[in-house]
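This report concerns only the one structure given below.
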Amino acid sequence: HAADTYRTDLMTITRYVLNEQSRFPESRGDLTILLSHIVLGCKFVASAVNKAGLAKLTGLAGETNVQGEEQKKLDILSNEVFVNALVSSGRTCVLVSEEDELATFVDPKLRGKYCVCFDPLDGSSNIDCGVSIGTIFGIYMIKNFDTVTLEEVLLPGKDMIAAGYCMYGSSCTLVLSTGSGVNGFTLDPSLGEFIMTHPEIKIPAKGKIYSVNEGNAKNWDTPTAKYVEKCKYPTDGSSPKSLRYIGSMVADVHRTLLYGGIFLYPADKKSPNGKLRVMYEVFPMSFLMEQAGGQSFTGKGRSLDLIPTNIHERSPIFLGSYDDVEEIKALYAEEAKAG
Ligand code: P6P
C-alpha cells in the first residue's frame with residue numbers, strides 16, 4: 001500500500017513550496033514561480049552534467065572567470081541557463097553570479113522582488129574526474145526593486161528568505177529551505193520531477209567527521225591548527241575523527257548535513273579571507289545549516305551576521321554540527337582573549 005501511496009500522491013518540490021507559501025496569506029506565489037525556474041535550471045544542468053563526458057562539454061572554454069580560474073564550458077552553459085531562467089521568471093531584480101564580475105540588473109519591465117545569489121556550477125574543477133558538483137543559491141527579498149542599487153543587495157546572510165543547493169552526483173538531489181526547516185528532493189528522471197526523499201533534515205548535534213584540505217595545514221592559524229590536532233589526537237579519551245574531503249563544497253556540505261561533523265575552509269597566510277565566497281557559498285550553506293539545527297562560524301562571528309562589502313567577497317567558514325562548531329569557536333575565543 002505504501003508503494004501505491006508513493007506512486008499516486010507525489011510530494012513534488014513544487015507542491016511542497018506551494019504548501020509552504022499557502023501559510024502566508026499575503027503571498028502571491030512569486031517565490032513559488034521563482035523556485036520553479038531555479039528547478040528548471042537544475043534539471044538542465046543535471047542533464048548536461050550527466051552527458052558532459054559524452055558531449056565533450058568538459059573541455060576548457062579558454063575564458064577565465066572573475067576568480068582567475070579557467071572556465072569550463074559547463075560553467076558558461078550553466079550560468080547562461082540560470083541567468084535566462086531567472087530573468088524570464090519575471091520575479092527577479094538583481095542577480096549575483098560567481099561567473100559574472102558584475103551583478104546583473106534585470107530590465108525594469110521584467111523585474112520582480114527577488115535578488116538571487118548563485119554559483120551555477122560550484123566545484124567545476126572536479127567535472128573531468130566525475131566527482132559530484134553542484135549549484136548553490138540564496139534568495140533575498142528586495143522591497144524597492146524598481147530602484148534597487150548594488151549597495152542595497154550587500155545584505156547580511158540572515159536577511160535571506162530561502163537558500164538551497166542541487167548536487168549532481170550518483171543521483172540529483174536538491175536540498176532547500178524557505179525558512180521553516182530543510183527538505184531534500186531527488187530528481188526522478190522518468191518523471192522529470194524532484195520528489196521529496198529527505199523530509200525535515202536535521203544535522204546530528206555532534207559528528208565523527210572533519211572535512212578540511214589538510215594540504216593547507218602549514219598556513220593555518222593557531223585555533224584551526226589546534227582544532228584539527230584535537231580531531232586527530234583527542235585528549236578526552238574519545239576516538240579520533242575521520243577525515244573526509246571531496247574538494248567540492250556541495251558534496252562536502254551534503255555529507256556533513258546528513259552524517260554530521262564539521263566542514264572547514266579556514267583563513268590561511270595565503271588567503272587571509274579564506275577561499276569560499278560569502279554571497280553564494282557561505283551564506284546559502286550557513287542558512288541551511290542553521291535551519292537544520294547546526295551552525296556556521298567565520299572565525300570571528302556568526303556567518304549569517306556578516307555584511308559583505310563586495311559581491312565576490314570571501315570569508316573563512318566553519319560549519320556543521322552544533323557541538324563541533326562550538327569547540328572551534330571556543331578556540332578562537334581563547335586566542336582573542338590571549339590578544
Ligand atoms: P581546495 C571548488 O573549487 C571550491 O570552490 C569548493 O567547491 C570547494 O569546497 C573548495 O573550492 C575546494 O578548495 O583549495 O581545497 O581545492
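Order of appearance sets the numbers: ligands from 1, and atoms from 1 within every ligand.
D146 and R111 are not joined by a salt bridge, as no carboxylate oxygen comes within less than 4.0 angstrom of a charged side-chain nitrogen. Taking 4.0 Å as the cut-off between side-chain N and carboxylate O, E98 and R277 count as a salt-bridged pair. K226 and E327 are not joined by a salt bridge, as no carboxylate oxygen comes within less than 4.0 angstrom of a charged side-chain nitrogen.
When the options V96, D119, L35 are evaluated for a side chain to side chain contact (heavy atoms under 4.5 Å, CB included) with F137, the one that passes is L35.
Distances between N or O atoms of N216 and those of ligand 1 include no value under 3.5 Å. In terms of polar-atom proximity, D252 is not counted as a contact of ligand 1, lacking any N or O under 3.5 Å from an N or O of the ligand. Residue M249 has at least one nitrogen or oxygen atom sitting less than 3.5 Å from a nitrogen or oxygen atom of ligand 1, judged on distance alone. Residue N213 places at least one N or O, backbone or side chain, under 3.5 Å from an N or O of ligand 1.
Interface atoms of ligand 1 facing E281, defined by a heavy-atom separation under 4.0 Å, are 5 (O). Within ligand 1, counting atoms from 1 as listed, the ones closer than 4.0 Å to a heavy atom of Y245 are 1 (P), 12 (C), 13 (O), 15 (O). The distance from ligand 1 to the heavy atoms of G123 drops below 4.0 Å at these ligand atoms: 2 (C), 7 (O). Shown in contact with R277 at under 4.0 Å from a heavy atom are these atoms of ligand 1, numbered in order with element: 5 (O). For ligand 1, the atoms closer than 4.0 angstrom to any heavy atom of K275 are 1 (P), 3 (O), 10 (C), 11 (O), 12 (C), 13 (O), 14 (O), 16 (O). Of all the atoms in ligand 1, the ones that sit under 4.0 Å from a non-hydrogen atom of D122 are 5 (O), 6 (C), 7 (O). Near G247, the atoms of ligand 1 lying under 4.0 angstrom from a non-hydrogen atom of the residue are 2 (C), 8 (C), 12 (C). Taking every heavy atom of S248 and a limit of under 4.0 angstrom, the matching atoms of ligand 1 come to 7 (O).
A centroid separation of 6.0 Å or more is found between the aromatic rings of F318 and Y265. Aromatic ring centres of F185 and Y16: separated by under 6.0 Å.
With rounding to the nearest 0.5 angstrom, the CG atom of L18 is 4.5 Å from the OG1 atom of T32.
A distance-only check finds a donor-acceptor pair linking the side chain of N126 to the backbone of G247 [under 3.5 Å].
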